[in-house]
> 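Structure incoming, see below.
Chain A is the first sequence line, chain B the second, and so forth, proteins listed ahead of strands; every chain is numbered from 1. Since this is a predicted model, take the numbers as computed values, not measurements.
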There are 2 protein chains.
Amino acid sequence: MATEPLILLIEDEAPMRRFLRAALGAHPYRLLEADTMRAGLALAAGHAPDVILLDLGLPDGDGLDATSRIREWSTTPIIVLSARGLEGDKVAALDAGADDYLTKPFSVGELLARIRVALRHATATGKPDPAVVVGPLRIDLTSRIVTVNGVEVHLTPTEYKLLAALARFSGRVLTHRQLVKEVWGGHTTTATQALRVHMNQIRHKIEANPARPLLITTEPGVGYRMKEQDQEV
Amino acid sequence: MATEPLILLIEDEAPMRRFLRAALGAHPYRLLEADTMRAGLALAAGHAPDVILLDLGLPDGDGLDATSRIREWSTTPIIVLSARGLEGDKVAALDAGADDYLTKPFSVGELLARIRVALRHATATGKPDPAVVVGPLRIDLTSRIVTVNGVEVHLTPTEYKLLAALARFSGRVLTHRQLVKEVWGGHTTTATQALRVHMNQIRHKIEANPARPLLITTEPGVGYRMKEQDQEV
DNA sequence: ACCGGCGTTAACGAATTCCTAACGCCCGAC
DNA sequence: GTCGGGCGTTAGGAATTCGTTAACGCCGGT
């Protein structure tokens with residue numbers, strides 16, 4: 001955040017965009033606008049905004065889905081703006097990864113205050129690095145590229161999800177249940193054997209000696225753990 | 001967050017406290033209650049809760065003032081609960097350092113979701129994990145890593161469960177029955193002999209002289225006790 | 001229709017973990 | 001002095017878990 005904080009507004013209704021543009025314009029913020037989910041995701045990935053204001057009622061996609069997609073690689077604060085104020089909607093959005101939820105119509109002052117809260121969090125969190133580096137292994141969570149000693153390795157979708165989940169909590173143990181939930185999503189229960197197979201595949205792709213894994217160790221009876229991320233500067 | 005997240009509730013009205021106690025009780029949270037601002041500040045300082053729920057309408061002090069006071073030394077998420085829903089109140093509270101603001105009456109589901117958001121932030125802040133440290137022994141309860149003199153020690157699942165239970169109550173005696181309940185879960189009763197075996201294994205792994213245990217002492221006829229943890233900084 | 005990549009399940013050897021049993025020790029009770 | 005209970009210690013076999021390979025079905029592209 002070298003200059004003014006950058007705010008990404010994803011909203012399809014032009015009047016609302018005008019309104020927010022005017023409200024934010026009076027403050028030292030730079031504004032980025034998108035009127036579709038697709039464009040919003042592209043801007044989020046390309047410009048690394050400091051806060052995202054997301055309207056749930058987009059025509060070309062589910063806002064909850066967008067939230068989870070962004071959360072796969074970024075911790076940028078997301079403030080949801082929605083016309084629907086039911087408890088279920090709020091809970092679903094917050095659990096999908098949103099940081100706040102405002103019901104339309106909202107007051108500008110409150111929105112600005114909540115944006116300030118979000119920015120405060122962002123600076124306190126520091127710079128969430130988009131890449132996890134552990135020894136020779138490097139996982140770029142934004143571009144989905146995994147390299148070992150600089151050479152790119154190809155991972156299948158589930159392999160990547162598994163590795164990314166471990167990377168996001170590098171240094172900590174993830175139980176079998178947590179991993180299954182991260183990769184397959186909550187409801188499945190009998191995937192614990194598939195887990196071992198995929199882990200084996202991953203190890204053959206990233207470990208120097210797959211029989212003696214150093215990067216991803218197994219905690220018998222509990223789960224797996226990726227070695228702690230290398231210390232940054 | 002060694003075990004369940006600790007939530008501090010600062011609220012003067014007994015019915016509301018009862019209500020929240022019931023709502024939170026159904027979830028894996030530990031609850032701390034205060035009915036005055038003074039008591040709340042003391043508990044916040046003494047117990048380092050993971051989330052603070054703060055009612056603004058306390059009789060013995062201004063909630064905004066309390067928020068700023070806490071923010072002087074802590075970044076613990078503060079969720080304000082207030083009967084007043086005016087924009088000015090919200091902005092003032094959020095700018096004073098609160099992280100969220102809920103207007104009474106609020107739905108329980110939304111409160112719980114916003115608590116989860118707050119807890120998510122707390123873990124993402126990247127502060128070093130809280131650990132129990134007793135002499136050369138260090139037990140990181142979140143990443144599940146045990147070290148002695150800095151070198152990592154491998155523990156089997158039951159060994160770890162046993163050690164973690166003792167660590168959580170370090171300084172206090174845990175009876176055989178309590179330990180069996182912690183490790184095997186409530187119903188089993190004839191595991192008191194297995195207890196001795198596992199304790200023996202643990203001692204060989206963490207004690208300098210397993211025959212003269214210093215870290216985990218046995219209270220004859222009662223149970224075991226881990227030496228009190230070193231004073232934190 | 002063929003083929004290759006992918007996800008899942010099955011099967012089996014190997015390693016790990018867990019419990020029970022057995023024995024020796026210490027210490028208080030009688 | 002001796003008995004008995006609580007505890008520490010060790011060993012062995014049962015049970016669980018893990019790693020590994022092979023096979024099967026699915027799907028998209030050619």
Side-chain angles (χ1 to χ4, degrees), chain A residues 144 146 152-166 173-185 187-226, chain B residues 144 146 152-166 173-185 187-226:
Chain A
R144 275 179 74 106
V146 177
E152 183 173 347
V153 296
H154 173 70
L155 294 180
T156 70
T158 43
E159 285 167 11
Y160 178 79
K161 272 192 242 173
L162 202 48
L163 188 67
L166 287 166
V173 178
L174 288 181
T175 66
H176 301 132
R177 194 165 317 157
Q178 285 174 312
L179 285 170
V180 170
K181 189 175 178 181
E182 285 282 340
V183 175
W184 284 273
H187 33 76
T188 49
T189 53
T190 61
T192 167
Q193 300 178 344
L195 209 58
R196 286 200 292 273
V197 176
H198 287 294
M199 200 62 71
N200 185 24
Q201 310 258 34
I202 293 175
R203 278 171 170 164
H204 273 83
K205 292 183 180 181
I206 67 169
E207 293 276 2
N209 183 357
R212 302 224 158 251
L214 299 173
L215 272 36
I216 300 178
T217 58
T218 138
E219 299 286 328
V222 184
Y224 295 90
R225 173 179 60 199
M226 179 177 292
Chain B
R144 201 183 179 279
V146 178
E152 187 171 342
V153 173
H154 175 73
L155 295 179
T156 70
T158 45
E159 285 167 11
Y160 178 80
K161 274 190 243 173
L162 204 48
L163 188 68
L166 287 166
V173 180
L174 286 181
T175 66
H176 299 135
R177 194 164 316 156
Q178 285 174 312
L179 285 170
V180 170
K181 188 175 178 182
E182 285 282 341
V183 175
W184 285 273
H187 34 76
T188 50
T189 52
T190 62
T192 168
Q193 300 176 344
L195 209 57
R196 285 198 291 273
V197 175
H198 287 291
M199 200 61 71
N200 183 28
Q201 306 265 38
I202 293 175
R203 279 171 170 164
H204 272 82
K205 292 183 179 180
I206 67 169
E207 294 276 2
N209 184 357
R212 305 237 166 234
L214 300 174
L215 273 37
I216 300 178
T217 57
T218 134
E219 301 287 329
V222 184
Y224 295 90
R225 174 179 59 193
M226 179 176 291

> At less than 4.0 Å, is any side-chain N or O atom of H198(B) found next to OP1 or OP2 of dC19(C)? Yes or no.
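Yes, within the criterion.
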> Mind calculating the distance between NZ (K161(A)) and P (dC6(C)) to the nearest angstrom?
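The answer, rounded to whole Å, is 14 Å.
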> I want to check one thing: is the phosphate of dT17(D), taken as OP1 and OP2, less than 4.0 Å away from some side-chain N or O of Y224(A)?
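Y224(A) to dT17(D) OP1/OP2: no side-chain N or O under 4.0 Å.
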> Roughly how many Å is it from CD1 in I202(B) to P in dT9(D), rounded to a whole number?
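The answer, rounded to whole Å, is 13 Å.
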> Taking the side chain as every heavy atom from C-beta outward, state whether V153(B) and E159(B) have any pair of such atoms under 4.5 Å apart.
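In short, these two side chains do not touch, never coming nearer than 4.5 Å.
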> Is there a side-chain contact between H176(A) and the phosphate of dC18(D), meaning an N or O under 4.0 Å from OP1 or OP2?
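True: H176(A) side-chain N/O within range (under 4.0 Å) of dC18(D) OP1/OP2.
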> Rounding to a whole Å, what distance do you find between H154(B):NE2 and dC18(D):P?
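Whole-Å distance recorded here is 11 Å.
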> Aromatic rings H176(A) and Y224(A): how do their planes relate, parallel, tilted or perpendicular, breaks at 30° and 60°?
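Judged by the thresholds at 30° and 60°, the geometry between H176(A) and Y224(A) is perpendicular.
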> For the pair made of CE in M199(A) and C1' in dT21(D), what is the distance, rounded to whole Å?
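That distance rounds to 18 Å.
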> If the cut-off is 4.0 Å, is N200(A) near the phosphate of dG19(D), judged by side-chain N/O to OP1 or OP2?
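Checking N200(A) against dG19(D): no side-chain N or O falls below 4.0 Å of OP1 or OP2.
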> Are T218(A) and dC18(D) close enough that a side-chain N or O sits under 4.0 Å from OP1 or OP2?
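No, because none of the side-chain N or O atoms of T218(A) sits under 4.0 Å from OP1 or OP2 of dC18(D).
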> From dT16(C), dC19(C), dG7(C), pick the nucleotide closest to the side chain of A194(B)?
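Of dT16(C), dC19(C), dG7(C), dC19(C) is nearest to the side chain of A194(B).
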> Looking at R203(B), I'd like to know whether one of its side-chain N or O atoms comes within less than 4.0 Å of OP1 or OP2 on dG8(D).
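Indeed, a polar side-chain atom of R203(B) lies that close.
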> Kindly indicate whether the side chain of L195(A), heavy atoms from C-beta on, has any atom under 4.5 Å from the side chain of V183(A).
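Sidechains of V183(A) and L195(A): no contact.
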> Rounding to an integer number of Å, can you tell me how far Q193(B) CD sits from dC7(D) P?
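In whole Å, dC7(D) P lies 11 Å from Q193(B) CD.
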> Quick one: Y160(A) OH to dG7(C) P, roughly how many Å, whole number?
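Between P of dG7(C) and OH of Y160(A): 14 Å.
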> Roughly how far, to the nearest 0.5 Å, is CG of N200(B) from CD of E207(B)?
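Result: 11.0 Å between the selected atoms.
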> Would you tell me if any nitrogen or oxygen in the side chain of T156(A) comes within less than 4.0 Å of OP1 or OP2 on dG7(C)?
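For dG7(C), OP1 or OP2 has a side-chain N or O of T156(A) closer than 4.0 Å.
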> Closest to the T158(A) side chain: dG7(C), dT20(D), dT9(D)?
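It is dG7(C).
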> Between R196(B) and dG8(D), is there a side-chain N or O to OP1/OP2 distance below 4.0 Å?
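It does not, given that no N or O in the side chain of R196(B) lies less than 4.0 Å from OP1 or OP2 of dG8(D).
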> Which one of L155(B), I202(B), V180(B) satisfies the side-chain contact (heavy atoms from CB on, under 4.5 Å) criterion with L162(B)?
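Of the listed options, the one satisfying the test is I202(B).
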> Measure CG/L195(A) against C1'/dT17(D) and give the value in whole Å, please.
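In whole Å, dT17(D) C1' and L195(A) CG are 13 Å from each other.
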> Please state how far atom CZ in R212(A) lies from atom P in dT20(D), giving the value in whole angstrom units.
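Atom CZ in R212(A) sits about 11 Å away from atom P in dT20(D).
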> Is there a side-chain contact between W184(A) and the phosphate of dT8(C), meaning an N or O under 4.0 Å from OP1 or OP2?
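It does, given that an N or O in the side chain of W184(A) lies less than 4.0 Å from OP1 or OP2 of dT8(C).
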